[in-house]
Every structure is written in C-alpha cells, then in structure tokens.
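Predicted model only: the values in this text are computed from it and were never measured. All residue numbers refer to positions in the sequence shown, counting from 1.
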Amino acid sequence: MSEPDPGAATPAELLRRRVADAPANPLVTFYDDATGERVELSAKTFDNWVAKTANFLVDGLGAEPGTRAVLVLPPHWQTAVWLMACWSAGVVAEPVDPETVKGRAGEPVGGSGPYILAAAQEVLDDVVGDTEAEEIVGLSLHALGGPLADCPPGVTDYADEVRGHGDRFAAGPDVTPGTPALNVTKTTLSQRELVAAAREAAEKWELDARDRLLVDVPFTTLEGVLAGLLAPLASGASVIIQRNFDKAILDQRLTVEHVTVVAGTPGPNDGSGSPYRLS
C-alpha cells in the first residue's frame with residue numbers, strides 16, 4: 001500500500017508516486033446513475049489519460065505554463081483527468097459549474113481572456129460564442145470515450161484528438177511547485193499549496209491507503225477538488241465520483257464498493273456534506 005509522500009511538491013509528483021507504488025489498484029471509479037454507467041481507472045490508466053491530455057494541451061492547443069483553462073465540466077472522471085493534466089502542463093485550471101452557463105450564450109465564461117475552454121457537450125451551444133476563448137474543446141463524456149454527437153464549427157472534439165497524443169508527458173523546467181495551478185472561489189493556489197492542502201485534508205479526514213472515498217461533490221470549490229481527487233491521491237486512498245446520484249441505491253453502493261468515507265451527503269453529526277467516516 002502506498003503511503004503519503006512527504007517529498008512531493010506538485011500534484012504530478014503525487015500521481016507519479018501512486019503509479020510507481022500501486023499501478024494496478026483502482027484510483028478513480030465513476031458512476032452516472034442517470035445512465036447506469038460505471039468506469040473504473042487504475043492509477044496507471046488514469047496516468048495514461050492525464051499524459052495524453054497534457055500532451056494535447058501543449059502540442060495540440062499551444063498551452064504554456066500560466067495559460068488558463070476554464071473547465072465547464074460536471075463531476076466526472078474526465079474532469080479529474082483534465083485537472084491533473086492542467087497541473088502537469090503548468091496550466092491554471094478554473095472549474096465552472098455547467099449549470100451556471102446555461103442560457104448565457106455568447107457571454108465570456110471565464111471573464112476576461114484569453115483562455116482555453118473545455119466544455120461538456122450539454123453546454124456547448126451556450127459557450128460556442130465565447131469570444132474570450134482562444135480554443136474551445138468539446139467533451140462528449142460518453143461512457144466508452146466516444147466523440148461528440150454533434151461537433152459545432154470551431155470546436156475541437158476531445159475524444160477524437162486526445163487518442164493521437166503520447167502516453168508519456170514530461171513537463172518543462174518552467175513548471176515548478178510555485179506555478180499557479182487552481183483558481184476557485186476567486187482564489188488562486190500554487191501547485192505547492194494544492195499539495196499542502198491535500199495532505200492537510202487527508203490528515204483531517206484520516207484517510208489512508210485502505211480507504212474508499214465516495215463523493216457527490218462538484219470540482220468547483222477547493223474542498224471538492226480535495227475530496228474528489230487530491231486528498232485520496234495524497235493518502236493512497238481511492239475515490240468514487242458520482243453524477244446524477246440516486247440516493248435510493250446509496251446503501252447498495254456503500255456495500256458493493258466497500259466505501260469507508262463519504263463526502264457530499266449530510267453526515268450523522270452535521271449537514272455540511274463534509275467527509276465523514278462510516279462506522
């Protein structure tokens with residue numbers, strides 16, 4: 001079992017440690033209860049998607065350290081991949097709730113630009129007119145990684161493009177622990193600060209490599225990013241991300257997935273949705 005790495009100073013280093021220690025163990029499991037979809041990614045498979053996406057960002061979209069990427073994506077395993085790919089390439093990730101852009105066609109999603117815009121198919125019609133976006137990437141979020149059902153002009157289809165990129169990614173010297181990494185709730189955190197926050201959260205929630213953390217939270221807050229990806233990664237735990245959560249099957253899922261910690265549903269002692277350990 002992997003242990004927290006006190007030497008890692010970037011999220012990419014945390015992922016490299018996990019891949020080295022437990023490549024075949026589950027890292028991210030995803031459920032969409034509206035479609036019945038379940039996807040499980042080992043650390044090695046997740047890392048492969050991250051590398052391809054980081055190469056796509058750099059070689060395909062011209063991203064450089066400091067480039068902004070606005071991610072209009074729901075809770076999903078591909079959202080976790082995009083976050084980690086951004087950090088690997090030194091890109092500043094800005095997650096946005098897709099619900100907040102619906103009906104706002106033509107309005108800049110990320111404020112003043114320029115930025116790369118990655119959006120789920122469900123909101124593409126609302127973002128294609130974003131004049132501040134240098135590039136717009138559409139994600140079908142299809143269960144089998146299929147292409148967009150309808151790719152509007154000027155939009156790059158992620159599923160079509162990413163597969164042609166390399167399975168390994170090496171960041172340049174400009175990507176350092178001090179590189180800005182995440183912009184949430186009007187706060188920008190560096191890579192080093194993200195890793196420190198991940199370790200603090202893992203300690204606070206008492207996570208270790210034996211844990212399976214079930215989350216029903218968006219990636220649009222720091223706690224959501226920590227619960228949905230970074231705290232499990234820092235602690236050796238694995239995470240189960242839910243979308244369109246059906247509360248009627250919660251007990252079954254807890255049993256089937258051997259869940260030990262839950263985040264996003266009110267706990268027994270408070271209604272905040274903060275992670276709590278099952279008895």
Side-chain angles (χ1 to χ4, degrees), residues 1-30 39-54 71 73 75-91 93 95 169 171 175 177 179 181-182 184 189-242 257-264 274-275 277:
M1 289 189 232
S2 61
E3 298 294 336
D5 182 1
T10 68
E13 289 172 358
L14 291 177
L15 179 57
R16 282 197 293 271
R17 170 68 180 269
R18 174 66 72 89
V19 172
D21 287 356
N25 288 356
L27 174 58
V28 176
T29 303
F30 171 73
V39 176
E40 183 173 277
L41 287 80
S42 68
K44 184 175 181 179
T45 301
F46 183 81
D47 181 62
N48 180 263
W49 275 96
V50 168
K52 284 181 173 294
T53 305
L71 311 181
L73 301 171
H76 198 277
W77 67 265
Q78 290 187 25
T79 309
V81 165
W82 268 78
L83 286 167
M84 185 60 69
C86 286
W87 301 330
S88 298
V91 172
F169 177 78
V175 182
T179 300
L182 179 70
V184 287
L189 293 90
S190 70
Q191 304 223 5
R192 181 188 293 108
E193 289 170 328
L194 271 185
V195 172
R199 292 198 184 98
E200 290 173 5
E203 182 177 357
K204 177 182 177 181
W205 301 333
E206 299 179 339
L207 297 177
D208 62 31
R210 296 166 293 184
D211 283 316
R212 294 271 285 164
L213 174 60
L214 179 73
V215 301
D216 184 30
V217 294
F219 286 106
T220 53
T221 67
L222 177 58
E223 184 167 271
V225 171
L226 295 176
L229 179 58
L230 284 176
L233 190 61
S235 63
S238 60
V239 64
I240 303 157
I241 300 170
Q242 301 183 136
E257 294 293 346
H258 307 287
V259 174
T260 59
V261 182
V262 175
S274 295
R277 184 167 295 277

Might you work through the side chain to side chain contact (heavy atoms under 4.5 Å, CB included) test for Thr260 and Arg277, ending with a clear yes or no?
CA-CA 6 Å; Thr260 59; Arg277 184 167 295 277; 4.1 Å; yes
Does Glu193 form a side chain to side chain contact (heavy atoms under 4.5 Å, CB included) with Leu182? I'd like the steps, not just the answer.
CA-CA 10 Å; Glu193 289 170 328; Leu182 179 70; over 6 Å; no
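Counting heavy atoms from C-beta outward, Pro95 and Val184 have side chains that approach closer than 4.5 Å. A heavy-atom distance below 4.5 Å is found between the side chains of Val28 and Val239. Within the 4.5 Å cutoff, the side chain of Phe219 has heavy atoms near those of the Ile241 side chain. Counting heavy atoms from C-beta outward, Leu15 and Val50 have side chains that approach closer than 4.5 Å. A 4.5 Å side-chain heavy-atom check between Leu222 and Leu194 finds at least one atom pair inside the cut-off.
Taking the side-chain contact (heavy atoms from CB on, under 4.5 Å) definition, one finds that Thr29 meets it with Tyr31, Arg38, Glu40, Arg212, Ile240, Glu257, sequence neighbours left out. Considering only residues two or more places apart in sequence or on other chains, Asn48 meets the side-chain hydrogen bond (donor to acceptor under 3.5 Å, both in side chains) condition with Asp167. In this structure Ala197 satisfies the side-chain contact (heavy atoms from CB on, under 4.5 Å) test together with Leu226, sequence neighbours excluded. In terms of the side-chain hydrogen bond (donor to acceptor under 3.5 Å, both in side chains) criterion, Thr220 has no residue partners (sequence neighbours excluded). Evaluation of the side-chain contact (heavy atoms from CB on, under 4.5 Å) rule for Ala43 yields Arg18, Val19, Leu27 as partners, not counting sequence neighbours. In this structure, the side-chain contact (heavy atoms from CB on, under 4.5 Å) partners of Asp216, at least two apart in sequence or on a different chain, are Gln242, Phe245. Under the ring pair (Phe, Tyr, Trp, His ring centres under 6.0 Å) criterion, Trp205 pairs with no residue, sequence neighbours left out. A search for side-chain hydrogen bond (donor to acceptor under 3.5 Å, both in side chains) contacts involving Thr53 returns Tyr158, not counting sequence neighbours.
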Please tabulate, for the side chains in residues 81-91, all donor-acceptor contacts under 3.5 angstrom to protein atoms that are two or more places apart in sequence or on a different chain.
residue: Trp87; atom: NE1; partner: Ala181; partner atom: O; Å: 2.9
residue: Ser88; atom: OG; partner: Met84; partner atom: O; Å: 2.8

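Scanning both residues, Ser238 and Pro232, for their nearest heavy atoms gives C-CB, 4.3 Å. Taking all atoms of both residues into account, the shortest heavy-atom contact from Val217 to Gly264 is CG1-CA, 3.5 Å. The nearest pair of heavy atoms linking Ala237 to Asp208 is CB-O, 3.4 Å.
The aromatic rings of Trp49 and Trp77 sit perpendicular to each other, their planes meeting at more than 60°, with 30° as the lower class boundary.
Going from atom CD of Glu13 over to atom CZ of Arg16 covers 5.0 Å, rounded to the nearest 0.5 Å.
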